[in-house]
Amino acid sequence: MKQKLLADIELDVHELKYLMDSFTKEPTQTLSELLKRSVARMQGRLDELSQEIDSVELVSLSSFVVEETVVKENEITAQEKDASVIIQSPKPVIAAAAAEEEEEEEEEPVIEEAPVIIKKEEPKNAVLGESIKLAAGLRHSISLNDSFRFSRELFKGDTDLMNRVIEQISVMGSYKTAVAFLSSKVEIDEEKDAVVDFLELLKKYFNQSA
């Protein structure tokens, strides 16, 4: 889980650098929104990584407390056995009864374990239609079969990367800007049918939006 978060954060850094360079050259409202969204996404992953580290520390602390408690219980039990061996002479009936009452009144120590936080890992491979919420227009132009084909042949099986790229392209202002952004994320080999089909979808999308 931590390795995936680190990989996603590294990807966010490269994405943020590209968007910042583009914004510096040509500041637009669209790039401003993309920058803010990218920063918020990276901040969320950093917070999640911080929680992951805290949970590991909490588990280690819980194990230490349990081990210390078990050691102390063993020491107390050993001391009680030694005391029972030393006392060999018979006690009066009254004294024995009083001792039994005192033992009944004593309460056994209660061991409270610190709560262990278990984070549920989200599924890595999400279906395109379920993951993209904001890129409605571009999303509807891609069939389910094509989404799997683009993920496999263009984005090397990284469905999360494909979803993020489509989401960001959907709010860009031109086909030229979208292709430049796409080329910064994946290798555009126009000899591949999947690449040609994806670029054709982008052309149709931006022609309809114009």
Side-chain angles (χ1 to χ4, degrees), residues 1-46 48-49 119-210:
M1 182 63 179
K2 285 184 290 188
Q3 293 298 328
K4 183 179 184 303
L5 280 173
L6 290 174
D8 289 340
I9 291 171
E10 183 178 359
L11 183 62
D12 289 337
V13 171
H14 291 298
E15 178 180 307
L16 188 60
K17 183 178 182 299
Y18 172 82
L19 291 174
M20 196 63 205
D21 291 341
S22 300
F23 185 78
T24 302
K25 296 176 183 178
E26 184 182 354
T28 64
Q29 183 65 29
T30 299
L31 288 175
S32 176
E33 292 176 0
L34 286 174
L35 274 169
K36 291 177 182 179
R37 190 179 303 169
S38 180
V39 170
R41 183 187 296 111
M42 181 162 44
Q43 184 62 48
R45 287 201 171 97
L46 289 172
E48 188 175 350
L49 181 61
K119 299 180 72 62
K120 184 178 180 182
E121 185 173 354
E122 297 179 355
K124 294 181 180 179
N125 296 324
V127 178
L128 178 66
E130 296 175 353
S131 299
I132 304 175
K133 302 301 182 184
L134 300 177
L138 184 57
R139 178 192 63 190
H140 289 318
S141 64
I142 302 176
S143 67
L144 186 60
N145 289 336
D146 282 339
S147 70
F148 287 121
R149 184 163 65 98
F150 294 150
S151 173
R152 181 178 64 255
E153 299 181 20
L154 182 57
F155 294 90
K156 298 181 180 180
D158 192 340
T159 305
D160 290 338
L161 175 61
M162 179 182 69
N163 291 342
R164 289 171 55 186
V165 168
I166 292 176
E167 177 185 348
Q168 294 175 12
I169 286 178
S170 68
V171 296
M172 290 183 177
S174 67
Y175 171 77
K176 183 178 179 180
T177 303
V179 173
F181 177 72
L182 179 65
S183 64
S184 71
K185 298 299 181 183
V186 297
E187 179 182 356
I188 299 181
D189 183 1
E190 296 189 6
E191 294 183 358
K192 293 183 179 180
D193 292 339
V195 175
V196 174
D197 292 343
F198 191 81
L199 292 177
E200 186 64 27
L201 281 172
L202 293 184
K203 288 180 182 179
K204 292 179 180 180
Y205 174 75
F206 284 103
N207 287 337
Q208 292 174 357
S209 301

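Predicted model only: the values in this text are computed from it and were never measured.
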From Asp193 atom CG to Arg149 atom CZ, the distance as rounded to the nearest 0.5 Å | 7.0 Å
Below 4.5 Å, heavy atoms only, C-beta onward: do Met162 and Thr159 meet side chain to side chain?
-> yes
Check whether any side-chain N or O of Ser151 sits under 3.5 Å from a backbone N or O of Phe148 as a donor-acceptor pair, and report yes or no.
-> no
For side chain to side chain contact (heavy atoms under 4.5 Å, CB included), just list the numbers for Val165 and Phe155, CA-CA rounded to whole Å, side-chain angles, deciding distance to a tenth of an Å, and then say yes or no.
-> CA-CA 10 Å; Val165 168; Phe155 294 90; 4.0 Å; yes
Ser170 backbone acceptor or donor facing Tyr205 side chain under 3.5 Å | yes
First locate atom OG of Ser184, then atom NE2 of His14, and finally report the distance between them rounded to the nearest 0.5 Å.
-> 11.0 Å
Just by modelled atom types, is the Lys203 backbone N or O under 3.5 Å from a matching donor or acceptor in the Asn207 side chain?
-> yes
Scanning both residues in full, the closest heavy-atom pair of Ile9 with Arg45 reads CG1-CB, 3.8 Å
Do the non-hydrogen side-chain atoms of Asp160 and Asp8 ever get within less than 4.5 Å of each other?
-> no
Any side-chain heavy-atom pair from Ile142 and Ile166 closer than 4.5 angstrom?
-> yes
The reported gap from CZ in Arg41 to CG in Leu46 (rounded to nearest 0.5 angstrom) is 12.5 Å
Kindly indicate whether the side chain of Asp146, heavy atoms from C-beta on, has any atom under 4.5 Å from the side chain of Asp197.
-> no
State which residues pass ring-ring contact (aromatic ring centres under 6.0 Å, His included) with Phe181; sequence neighbours excluded, sorted by chain then number.
-> Tyr18
Quick one: closest heavy-atom pair of Leu19 and Ser38, and the distance?
-> CD1-CB, 4.1 Å
Indicate whether the side chain of Asp21 and that of Thr24 have a donor and an acceptor atom separated by less than 3.5 Å.
-> no
Report yes if the side chains of Lys185 and Arg164 come closer than 4.5 Å at any heavy-atom pair, otherwise no.
-> no
Output for pair (Thr177 OG1, Ile169 CD1), nearest 0.5 Å, gives 10.5 Å
What are the two closest heavy atoms between Glu153 and Ala194, and how far apart are they?
-> OE1-CB, 3.2 Å
When rounded to the nearest 0.5 Å, the distance separating CG of Leu138 from CD of Glu167 is 11.0 Å
Between OG on residue Ser183 and CD1 on residue Ile188, distance to nearest 0.5 Å | 5.0 Å
Side chain to side chain contact (heavy atoms under 4.5 Å, CB included) assessment of Leu154 paired with Asp189 | CA-CA 9 Å; Leu154 182 57; Asp189 183 1; over 6 Å; no
